[in-house]
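Below is one structure, written out as C-alpha cells; comments come after it.
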Amino acid sequence: MSANADVAAVLYEIGEILTIKDDRFRSRAYLLAAQRITSLTEDIHKVKERGELDKIPGVGKSISATITEILDTGESKVLEELRESLPPGVRQLMELEGIGPKNAMRLVEELKIGSIDDLEKAAKEGRLRELKGFGEKKEQNILQSIGDYRNKQTRFLLGAVLPVVDDMLAWIKDSPAILKAEVAGSYRRKRETIGDLDLLVASNDPDAASQRFVEMPPVDRVVSHGATKSTVFLKGHMQVDCRVVPPEAYGAALQYFTGSKEHNVKLRGISVKLGYKLNEYGLFMREGDVLVASETEEEIYAKLGMSWIPPEMRENRGEIEAAMEHKLPKLVELDQMKGDLHCHSKWSEGTMTLREVAEKALGLGLEYVAITDHSKSLGIAHGLDEKRLSEQAKEIEAVNREVKGVTLLKGIECDVKADGSMDLPDSSLRDLDFVVASIHSGFKNDEETMTNRMIAAMHNEYVSTIGHPTGRIIQKRKPYSINLDRVLEEAAKQRVSMEINAYPERLDLDDVSSRKAIEAGVTVTIGTDAHALNQMEFLPLGVSVARRAWLTAKDVVNTRSVKELVKLRRG
Ligand code: DGT
Ligand code: CA
Ligand code: CA
Ligand code: ZN
C-alpha cells in the first residue's frame with residue numbers, strides 16, 4: 001500500500017471513531033482530510049518534505065501534525081488513544097477486514113455482540129440480518145473475514161520465516177552435540193505460509209541437543225522440554241517443534257516430518273502393499289519387523305521403487321506416480337536463475353538508484369535485472385511518462401557502461417488501463433527490452449471484464465509478461481475474478497509469459513496456477529518486484545513457487561542469457 005493510502009486509512013479511522021463519540025466537528029475534519037489524501041496524486045512524503053502538508057485543502061495544523069507522526073513512526077497516538085477509549089468488544093470486532101468503528105459499535109450495542117466468537121455465531125445463525133444495512137451477503141463476507149483473521153493469527157509468510165530459520169540453524173549447528181539439523185514440515189516444502197516450524201536434529205546426546213534448542217536467543221516461552229521432543233514459542237508467536245533422533249534414523253524422521261500428510265498417507269499405503277511398514281523410525285518388513293532403510297530419504301524412496309522426490313513436490317499431486325515411473329521433472333534451481341525480471345528504482349516508488357541495483361545484482365551473482373518502474377497513470381507511485389522513460393534509458397546506458405558484469409535491461413511495469421490498452425504508447429514501449437503489463441485498479445470488476453482486459457493487454461505486441469496476474473495479497477486481498485484458463489490459452493497463442501511475482505505477500509501466480517500455465521504452453525518469468533535493495537533477495541521465493549509448480553529450467557524465462565532474452569521480444 002502506498003503511504004497515501006496508509007495515511008488516509010488512519011485519518012479515516014480516527015474520523016469514524018470521533019463520529020461514534022459524537023464529536024461531529026473534528027470527525028468531519030478528519031474524514032474530509034482522509035478523502036483529500038486519497039485523491040492526492042502526489043506522494044505524500046514529497047509534500048511533507050516541502051513542508052506543505054498544511055497547504056493540502058482540508059488539512060490544518062493539527063491534522064498535519066498527525067500525518068507527520070504517521071509518516072515518521074507508522075503510528076498515531078490520537079488513534080491509539082481513541083481505540084483505547086472504545087469498549088473492548090468493539091476494538092476486537094474492528095480487527096476484522098470490512099468492519100469499521102461505526103458498524104462494530106452497532107453490533108455491540110444493538111445485538112449485544114461482545115467478541116469475534118459471538119459475531120461468528122450470530123452470522124452463522126443469520127441473526128445479523130436484523131440489523132439495518134446487514135444482509136445475507138454481508139453475513140457471508142463477515143464469516144470470510146473471520147476465517148482470514150484466524151488464519152492470519154496462526155500462519156506466517158514464508159518470506160518472513162526464512163531469516164528466522166537461517167538464524168536458528170546457525171545457532172543449533174554451532175553445538176558439538178548436534179550432528180545434523182534441518183527444518184522439515186511445510187517450511188521444507190516451501191509452502192507460501194507456514195503454521196509452525198518442525199526442527200529435526202540428529203544427535204547421540206539428546207539431552208545436550210534439546211538443551212541447546214530451548215536456549216536459543218529468540219525463544220520467548222518453553223512449552224515443553226524433553227530429551228527427544230520439545231516445543232517453544234519464539235518472540236513474535238511462532239511455534240517451533242524440535243525432534244531429536246539418532247543419526248541412523250535421521251532420513252526416516254526427515255521423510256515423516258516433511259509431510260505433507262497427504263503425501264505420507266499415500267506412501268504408507270504403497271509400503272503396506274509391498275509388505276513393508278513405514279513410520280518415523282524407518283521402513284520395516286511387516287514380517288519380523290526387520291529394518292530395511294532409515295538413514296537417508298533416498299534409500300527409503302529407493303526401496304519403495306521410487307526416485308527421491310524433492311520436498312516442494314510432496315503434496316500428493318501426482319508426484320508419487322511420477323516417481324514410481326522415474327519420470328519426475330528436473331526442477332528449476334536457484335543457481336540457474338540468470339536475472340531478475342521485475343525491479344523498481346527511485347525513478348518511481350523504489351528507494352534505490354539504478355547504480356545500486358546493478359551493484360546489488362552483481363553481489364547476488366545475477367547477469368541482468370529488468371528495471372521496470374511504474375508507468376504514468378500510477379501518480380501515487382510517481383510513474384514514468386514518455387519523457388522520463390527516455391531519460392531513464394540514458395541513465396541505464398550510462399550505468400551499463402560503468403558497472404561491468406551485469407546488464408540493466410530497459411523495462412517498464414506498464415499499467416493496463418480499464419479498456420485493456422497500455423498506459424504508454426507503442427512508440428515508447430518499442431524501445432524497451434522487457435515490458436511487464438500489470439493491472440492495478442478495478443479489482444471489483446466481474447470476471448468477464450477483467451479477463452477481457454487482460455487479454456486485450458496481451459495483444460499489444462510489446463508486452464513480455466503479465467505482472468502479478470491475479471492481484472492477490474496473501475491474507476489481505478483475494479485475487480480479482482479472472483478466467484485463468486482463457487487467459488492462459490490466449491497467452492500461449494500470443495507468446496506472452498505469466499509472472500511469478502516473488503514478493504512475499506504476493507507469490508502470484510501461485511504454485512497451482514503456475515503449473516496450469518506450463519501445461520497450457522505458457523512460459524513463466526520470475527520477478528522480485530523489489531522496491532528496496534534487500535528485497536532483490538526475494539528471488540528464491542519465486543523459485544520455490546516454480547518448483548512447487550513442477551517447473552523446469554526451460555519453463556522459466558530467467559534461465560535465459562541476456563542475448564536469448566532479447567530475442568524473445570515479440571514486437
Ligand atoms: P503447517 O505447520 O501447518 O504449515 O504444516 P506442516 O505440513 O508443517 O504440518 P505439521 O507441522 O502439523 O506437521 C509436520 C509434518 O509432520 C507433516 O507435514 C506430516 C507430519 N505429520 C504430523 N502429524 C502427522 C500425522 O498425524 N500423520 C502423518 N502421517 N503425518 C503427520
Ligand atoms: Ca509445521
Ligand atoms: Ca508441527
Ligand atoms: Zn505492480
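Basis for what follows: all heavy atoms, side chains included, without hydrogens, waters or symmetry-related copies. All residue numbers in this chain count up from 1 along the given sequence. One-based numbering, in listed order, for ligands and for the atoms of each.
- Only the side chain of Arg155 comes within contact range of ligand 1, with a heavy atom under 4.0 Å; no backbone atom does.
- The proximity of Tyr187 to ligand 1, defined as any non-hydrogen pair under 4.0 Å, does not occur for either the backbone or the side chain.
- Side-chain contact, Ser175 with Arg212: no donor N or O sits under 3.5 Å from an acceptor N or O.
- A cation-pi arrangement is absent between Lys478 and Tyr480, since the terminal nitrogen or guanidinium carbon is not both under 6.0 Å from the aromatic centre and inside a 45° cone about the axis.
- Under a 4.0 Å N-O distance rule, the pair Asp511/Arg189 does not qualify as a salt bridge.
- Nearest to the Ca ion (ligand 3), among the N, O or S atoms that Asp241 has, is OD2.
- For atom 9 (O) of ligand 1, the protein comes within 4.0 Å by no heavy atom at all.
- Proximity to Gly185 (heavy-atom distance under 4.0 Å) selects the following atoms of ligand 1: 8 (O).
- Counting only heavy atoms of the protein, atom 26 (O) of ligand 1 lies nearest to Lys261 CE, 4.2 Å.
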Does the side chain to side chain donor-acceptor pair (under 3.5 Å) test come out yes or no for Gln255 and Asn264, once each step is laid out? CA-CA 8 Å; Gln255 197 290 315; Asn264 285 357; 3.2 Å; yes

Would you check, one step at a time, whether the test side chain to side chain contact (heavy atoms under 4.5 Å, CB included) holds for Gln239 with Phe233? CA-CA 4 Å; Gln239 180 182 327; Phe233 275 99; 3.7 Å; yes

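- Here Glu447 does not pair with Arg486 in a salt bridge; the nearest charged N to carboxylate O distance is not below 4.0 Å.
- Close contacts between ligand 1 and Arg189 involve ligand atoms 7 (O), 18 (O) [criterion: under 4.0 Å to a heavy atom].
- Atom 27 (N) of ligand 1 has its closest protein heavy atom at Tyr256 OH, 3.8 Å.
- Less than 4.0 angstrom separates some heavy atom of Arg268 from each of these atoms of ligand 1: 29 (N).
- Under a 4.0 angstrom heavy-atom cut-off, His263 registers as lying outside contact with ligand 1.
- Counting heavy atoms of neighbouring residues, nucleotides and ligands inside a 6.0 Å radius, atom OH of Tyr281 does not exceed 12 of them.
- Put simply, atom 22 (C) of ligand 1 has no protein non-hydrogen atoms near it, under 4.0 Å away.
- The local environment of CD in Glu80 is crowded, with over 12 non-hydrogen atoms from other residues, nucleotides or ligands closer than 6.0 Å.
- Counting all heavy atoms, side chain and backbone alike, His326 lies closest to Met306 at CE1-C, 3.8 Å.
- Residue contact check for ligand 1: Thr258 places a non-hydrogen atom closer than 4.0 Å to it.
- Under the 3.5 Å distance criterion, with hydrogens and angles disregarded, no donor-acceptor pair is assigned to the side chains of Gln336 and Thr559.
- Residue-level proximity to ligand 1 for Asp198 is carried by the side chain, the only part with a heavy atom below 4.0 angstrom.
- A salt bridge is absent between Arg548 and Glu192: the closest approach of a Lys/Arg side-chain nitrogen to an acidic carboxylate oxygen does not fall below 4.0 angstrom.
- For atom 6 (P) of ligand 1, the nearest protein heavy atom is under 4.0 Å away.
- Between the Ca ion (ligand 2) and Asp196 there is an N/O/S contact shorter than 3.0 Å.
- Among protein heavy atoms, atom 15 (C) of ligand 1 sits closest to Phe257 O, 3.1 Å.
- Shown here, atom 30 (N) of ligand 1 is in close reach of the protein: a heavy atom of it lies under 4.0 Å off.
- The protein heavy atom nearest to atom 17 (C) of ligand 1 is Gly259 CA, 4.0 Å.
- The shortest N or O to N or O distance between Ser186 and ligand 1 is below 3.5 Å.
- Considering both main-chain and side-chain atoms, Gly195 comes within under 3.5 Å of ligand 1 through a nitrogen or oxygen pair.
- Taking only nitrogen or oxygen atoms, main chain and side chain alike, Arg191 does not reach within less than 3.5 Å of ligand 1.
- Heavy-atom proximity to Asp196, at under 4.0 Å, picks out these atoms of ligand 1: 2 (O), 11 (O).
- With a 6.0 Å radius and a threshold of 12 heavy atoms from other residues, nucleotides or ligands, Tyr12 has its OH atom at or below the threshold.
- Of all atoms in ligand 1, listed by their number and element, those nearer than 4.0 Å to a heavy atom of Ile194 are 4 (O).
- What you find for Pro504 and Ile474 is that their closest heavy atoms are O-CD1, 3.6 Å.
- Distances from the Ca ion (ligand 2) to each N, O or S atom of Asp198 single out OD2 as the nearest.
- A 6.0 Å sphere centred on NZ of Lys303 holds no more than 12 heavy atoms belonging to other residues, nucleotides or ligands.
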